[in-house]
Amino acid sequence: MEEYDFLLKLKAGDETAYRQLILVHNNRVINTCFKFLLNKEEAEDLAQEVFVEVYQSISSFRGQSKLATWIYRIAVTKCLDEIKKRNRKKRITALGKILHLDDFTNWIAGGAKPDRLLEEKEKMKDVMEVLNRLPENQRVAFTLSKIEGYTNTEIAEIMNTTTIAVESLVYRAKKRTGDELKQILKNNG
Amino acid sequence: MNQAELNKKADQLLSEFETLGNIEASTEWNDALMAKITNTPRNTSSQKGNGKYMMLVLCFILTNLGFTFTYIHKNNSSSDVRQAQLALISQELLITPNAKNN
């Protein structure tokens with residue numbers, strides 16, 4: 001009942017309700033974005049986009065899931081979109097290097113900025129590479145399971161699947177990540 | 001690197017990945033977001049209705065275009081058949097007198 005009243009306030013555009021919503025979910029949304037992107041600035045920017053989208057689309061939220069689940073689902077979708085965008089940029093930039101058209105492809109890729117890798121992101125480069133190779137559902141389940149506070153039940157709700165399926169996805173992702181990471185480390189000597 | 005070392009390094013990287021994060025939103029971040037939100041137009045139900053209406057109009061236009069295209073195509077192909085028939089008839093008309101002469 002309380003959530004229903006709160007939702008009505010949000011739908012009415014109540015500023016205090018939004019401030020409350022942000023205070024409750026901000027850290028978790030930022031940390032979710034961070035775990036997917038491994039870049040603090042980008043995670044903070046994307047988290048803002050998540051809340052803006054929540055604000056814009058709250059009228060279409062029918063309450064079929066919990067409000068929190070809906071918000072985290074938006075966050076995950078935005079992170080996956082951002083990763084796809086990054087991969088696309090990487091492919092275009094790589095193609096440009098092969099064809100010696102760096103400036104042109106940089107422009108096509110949307111002015112790809114120079115790498116702003118944080119120290120931790122550099123350290124996690126191999127992990128990111130392995131995670132990039134995972135099927136999307138394994139990647140989501142595995143990444144969310146590594147964020148403090150997400151239970152398998154919650155992950156299942158976000159992914160619109162069962163808890164057993166999440167357990168299986170996390171298990172397979174963990175095994176594959178471990179195996180591929182060892183292979184990369186072996187190749188790197 | 002032997003297998004044991006590889007296992008250890010991989011496990012270490014994964015546990016480092018696990019502990020990464022724990023970022024806390026700053027007051028500035030919250031304020032910037034609130035400012036952004038208050039300046040953002042919301043998707044109202046009337047806008048949603050407009051969208052539906054636009055889709056309906058678009059479907060109507062596309063259906064009509066489809067009908068027009070089919071009609072033109074049919075006309076063209078039937079006129080092609082007619083042309084072929086006329087060519088055949090004229091050919092026959094020309095051949096018949098020649099055949100009689102022969």
Side-chain angles (χ1 to χ4, degrees), chain A residues 11-13 15 18-19 21-23 25-35 38 40 43-45 47-60 118 120-121 123-128 130-131 142-143 145-148 174 177-189, chain B residues 1-70:
Chain A
K11 287 195 178 194
E15 226 174 90
Y18 273 100
R19 198 168 276 278
L21 180 87
I22 290 166
L23 287 176
H25 299 288
N26 54 5
N27 290 340
R28 209 151 171 216
V29 171
I30 293 176
N31 282 303
T32 303
C33 295
F34 179 72
K35 215 58 157 195
L38 293 186
K40 193 180 171 222
E44 285 181 342
D45 289 349
Q48 292 219 345
E49 282 180 31
V50 171
F51 283 105
V52 170
E53 182 155 340
V54 167
Y55 177 75
Q56 282 183 315
S57 342
I58 194 80
S59 60
S60 65
L118 291 178
E120 57 230 12
K121 196 180 166 190
K123 243 194 323 190
M124 289 289 117
K125 215 174 73 186
D126 295 336
V127 179
M128 280 293 267
V130 171
L131 289 178
F142 180 74
T143 310
S145 74
K146 298 290 173 206
I147 300 168
E148 209 182 306
K174 203 172 172 181
T177 311
D179 290 346
E180 292 201 14
L181 206 51
K182 280 174 215 163
Q183 194 58 47
I184 290 176
L185 292 171
K186 201 176 177 179
N187 293 343
N188 290 349
Chain B
M1 233 188 274
N2 62 33
Q3 197 58 40
E5 279 175 332
L6 279 177
N7 289 345
K8 197 182 162 191
K9 188 97 172 77
D11 287 344
Q12 195 186 332
L13 275 174
L14 285 177
S15 58
E16 269 180 50
F17 174 72
E18 204 167 330
T19 52
L20 273 180
N22 292 329
I23 302 167
E24 289 202 6
S26 61
T27 321
E28 291 80 37
W29 186 88
N30 289 335
D31 292 342
L33 177 58
M34 271 316 288
K36 207 184 261 186
I37 279 178
T38 45
N39 290 324
T40 306
R42 299 179 74 196
N43 295 338
T44 58
S45 48
S46 68
Q47 274 174 320
K48 232 166 66 180
N50 275 350
K52 276 181 190 167
Y53 179 71
M54 290 295 285
M55 276 302 288
L56 213 68
V57 171
L58 193 70
C59 284
F60 179 76
I61 292 170
L62 285 176
T63 314
N64 275 305
L65 273 177
F67 278 133
T68 316
F69 178 75
T70 316

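Below, read A as the first sequence line, B as the second, and so on, with proteins coming before strands; counting in each chain starts at 1.
Heavy atoms closer than 4.5 Å to chain A are found in both the backbone and the side chain of N7(B). Contacts of L131(A) with chain B are made by side-chain atoms alone, with heavy-atom separations under 4.5 Å and no backbone atom involved. Heavy-atom distances place no part of A43(A) under 4.5 Å from chain B, backbone and side chain included. Using a 4.5 Å cut-off between heavy atoms, L23(A) touches chain B through its side chain atoms alone. Contact of E15(A) with chain B is made through backbone and side chain together, with heavy-atom distances under 4.5 Å.
Heavy-atom pairs under 4.5 Å with chain B were tallied for N31(A), L181(A), V52(A), I22(A); the largest tally goes to N31(A). Contact tally against chain B (heavy-atom pairs below 4.5 Å) for Q183(A), K174(A), E148(A), K11(A): the top residue is K11(A).
Between T40(B) and Q56(A), the shortest heavy-atom distance links the atoms CG2-NE2, 3.3 Å. For the residue pair A25(B) and N26(A), the shortest heavy atom distance occurs at CB-ND2, 3.4 Å. Residues K182(A) and A10(B) come closest through the heavy atom pair CG-CB, 3.9 Å.
The shortest distance between side-chain heavy atoms of E44(A) and I23(B) falls below 4.5 Å.
Atoms CG and CD1, on N22(B) and I30(A) in that order, are 12.0 Å from each other to the nearest 0.5 Å. One finds the CG atom of L185(A) at 10.0 Å from the CD atom of Q12(B) (value rounded to the nearest 0.5 Å).
Against chain A, the residues from residues 28-38 of chain B that qualify, each with a non-hydrogen atom under 4.5 angstrom away, are W29(B), N30(B), D31(B), A32(B), L33(B), M34(B), K36(B), I37(B), T38(B) in number order.
Within the 3.5 Å criterion, the main-chain N or O of E18(B) finds a donor-acceptor partner in the side chain of K35(A).
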